[in-house]
Amino acid sequence: MKLILFYLVARVAAAQQSLWDQSAPSDTFTNPVIYGDFADNDIFRVDDVYYFSASNMHFSPGAPILRSYDLVDWELIGHSVPSLNFGDNYNLAGNQSAYREGTWASTMRYRKSNGLWYWIGCIDFWNTYIYTASSVTGPWKQAASMPGTCYYDCGLLIDDDDTMYVTYGATNVSVAQLSADGLSQVKTQQVFNAGDVPRNGIEGNRMYKRNGLYYILDDDSQGTTIIWKATSPFGPYTHKIMLNNINSPVPNGGTLDQGSLIETQNGDWYFMSFAWAYPSGRLPVLAPITWGDDGFPSLVTDSAGAWGKSYPNPLPRRPLASWTGTDTFQGTALGVNWEWNHNPDETKYRVNNGLTLQTATITNDLFHARNTLVHRMYGEFPVGTVGIDFTDMVDGDVAGLSAFRDTASWVGVVRNGSSYSIQVRANATQDLSSWATLSTGTTAASIPVQTMSRNIWFRCSLDARASGTKLAQYSYSLDNATFTDLGPRVSLSSGWELFVGYRFGIFYFATKKLGGSIVVQSFTNT
Ligand SMILES: *[C@@H]1O[C@H](CO)[C@@H](O)[C@H](O)[C@H]1NC(C)=O
Ligand SMILES: *[C@@H]1O[C@H](CO)[C@@H](O)[C@H](O)[C@H]1NC(C)=O
Ligand SMILES: *[C@@H]1O[C@H](CO)[C@@H](O)[C@H](O)[C@H]1NC(C)=O
Ligand SMILES: *[C@@H]1O[C@H](CO)[C@@H](O)[C@H](O)[C@H]1NC(C)=O
Ligand SMILES: *[C@@H]1O[C@H](CO)[C@@H](O)[C@H](O)[C@H]1NC(C)=O
């Protein structure tokens, strides 16, 4: 009787949990903790709150910041780099671009002694920039630059005596000591190199202190994570392999290596890494750590020795706003979930209870059109829907919704003279090292717009799983209720070279002359 009752209770609990999987707290969490592209995490705790700084390469603003109270539920709260002011290529000026440049493998910390948040990153493999803010949500400003010094894949440690150290480097790893204000370098010293492991290369450097010892965490980017230990920040360091090519909790998810060590307020330790899972992107995965008597950490694996699909919650769950929903562009500023492809032309858009976009570029090439607004995709089968009023388009204009990456496709409305068509374009491609446009794509479908209404909704539905079909289907609607598929399923790319996963891109460019505008009325991601 007791057993049967227990069985029934367990059945109900299991049913509820599967219904509420995405939102309801349970005793365990599931990897990835966010099914979204938040790469190169640098995670740290301030009292009972966790912060996560990520990379977003050529998207602007740069270096998204997330916050959590339980290490599992996260929310996006801002960006550390308000604008990518690093050259004309970041503005898609002329024929230039900055694809795959911008913010990558950077670091962020809060310094209690002066109440400042610091973000440090190397831009263009050549110059280090330091941004600071007195509130994590901004405003952030560029506080220093170090021309000619690159803190490649850097990690900041603020020591107990408030001294700031940065570890950095590829292959040869160094530790730099910063000045008292944290804005310049006092000294730097090489502490070890890849030959010590031995590996061909090491990177992804992070620096921590535990029980009076200094630790540097890095990886060989081939599935091996290395942890180094010393009694002084400048060494000598000894090392241990922490992870060596263990299986990913994300099907077909590639290697796990780079990430952050995190100590909770209860003294428990975790490692957050990311799974390379394109088309989606690099997805954060979490696992507990235990420390051995030798003063080195080990990852808690599942019974098969793999990174677990689920583990007990680190802390009581505190769910945050859903990653999905509808934005109707209320107020006068874009929400933090939006980024632009490169820096936008600020004079060519306006948020005022709806988003008005004016054409900013005459081109037939989406990769070189300014002011494409991008939004992350969440989940294995993301769906994006945009509502557009195209009354004020001019001849030659093209507006729509893209699955945007190095292989891009789109559905959009195209004006030619006084006629309008809905088109699907597939297979626009970039060269994966020069980022030159190889193809502006082929028209896979085209039908006339047979309505006097100038409102239209476009939808893009993807299978973005690394283990999936990697295809997208486009559709359109004239009433925001019935959607009709248009064109074949189109290919998504899954190479690593661009370092970002697919985004929904809302675009508007001119092929003949500037002067037109559209109103983006709503965007829904589910
Ligand atoms: C890397 O370290 C090795 C050994 O210390 C040294 O010989 C080499 O010059 C260093 N390379 C660079 C680029 O600093
Ligand atoms: C626009 O329409 C004209 C006249 O029908 C046609 O000749 C031309 O090819 C069309 N242009 C495009 C880009 O479809
Ligand atoms: C832009 O650059 C590409 C090569 O990177 C070249 O093929 C193309 O002709 C250039 N376009 C213009 C308008 O200069
Ligand atoms: C896009 O490219 C893929 C791979 O080359 C090809 O199989 C597919 O037919 C192309 N799709 C369209 C619509 O051109
Ligand atoms: C379209 O429908 C969705 C709900 O399916 C709604 O959230 C959105 O606001 C609608 N858009 C417009 C412009 O009415």
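Counting starts at 1 for both ligands and their atoms, following the listed order.
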among protein heavy atoms, the one nearest atom 12 (C) of ligand 5 is N480 ND2, 3.5 Å
So between S477, G325, S522, G354, whose heavy atom ends up nearest atom 13 (C) of ligand 5?
S522
My question is simple, although I want it checked carefully: is atom 9 (O) of ligand 4 less than 4.0 angstrom from any protein heavy atom?
no
If you count the atoms of ligand 4 from 1 in the order shown, which ones are under 4.0 Å from a heavy atom of A426?
12 (C), 13 (C)
Starting from atom 1 (C) of ligand 4, which protein heavy atom do you reach first, and at what distance in Å?
N427 ND2, 1.4 Å
Does the ring centre of F44 sit less than 6.0 Å away from the ring centre of Y51?
yes
Top protein contact for atom 2 (O) of ligand 2, by heavy-atom distance
N416 ND2, 2.3 Å
Do me a favour and list the nearest non-hydrogen protein atom to atom 4 (C) of ligand 4 with residue, atom name and distance?
S491 OG, 4.4 Å
Which of the ligand 4 atoms, numbered from 1, are nearer than 4.0 Å to a heavy atom of T442:
14 (O)
Yes or no on side chain to side chain contact (heavy atoms under 4.5 Å, CB included) for R489 and T469, after CA distance, side-chain angles and deciding distance?
CA-CA 10 Å; R489 289 178 188 270; T469 63; over 6 Å; no
Where is the nearest protein heavy atom to atom 7 (O) of ligand 5: which residue, which atom, and how far?
T326 OG1, 3.3 Å
Answer yes or no for V490: is there a heavy-atom contact with ligand 4 below 4.0 Å?
no
Proximal ligand 4 atoms for A444, defined as those under 4.0 Å from one of its heavy atoms
13 (C)
Test side chain to side chain contact (heavy atoms under 4.5 Å, CB included) on D345 and Q358 and set out the steps.
CA-CA 10 Å; D345 178 340; Q358 291 171 264; over 6 Å; no
Does the Lys NZ or Arg CZ of R376 fall within the cation-pi geometry relative to F59 - under 6.0 Å from the ring centre and within 45° of the axis?
no
Would you please indicate yes or no on a ring centroid separation below 6.0 angstrom for F504 and H375?
no
Between F38 and W323, is the gap from one ring center to the other below 6.0 Å?
yes
If we count only N and O atoms by modelled type, under 3.5 Å, do the side chains of N427 and T442 hold a donor and an acceptor together?
no
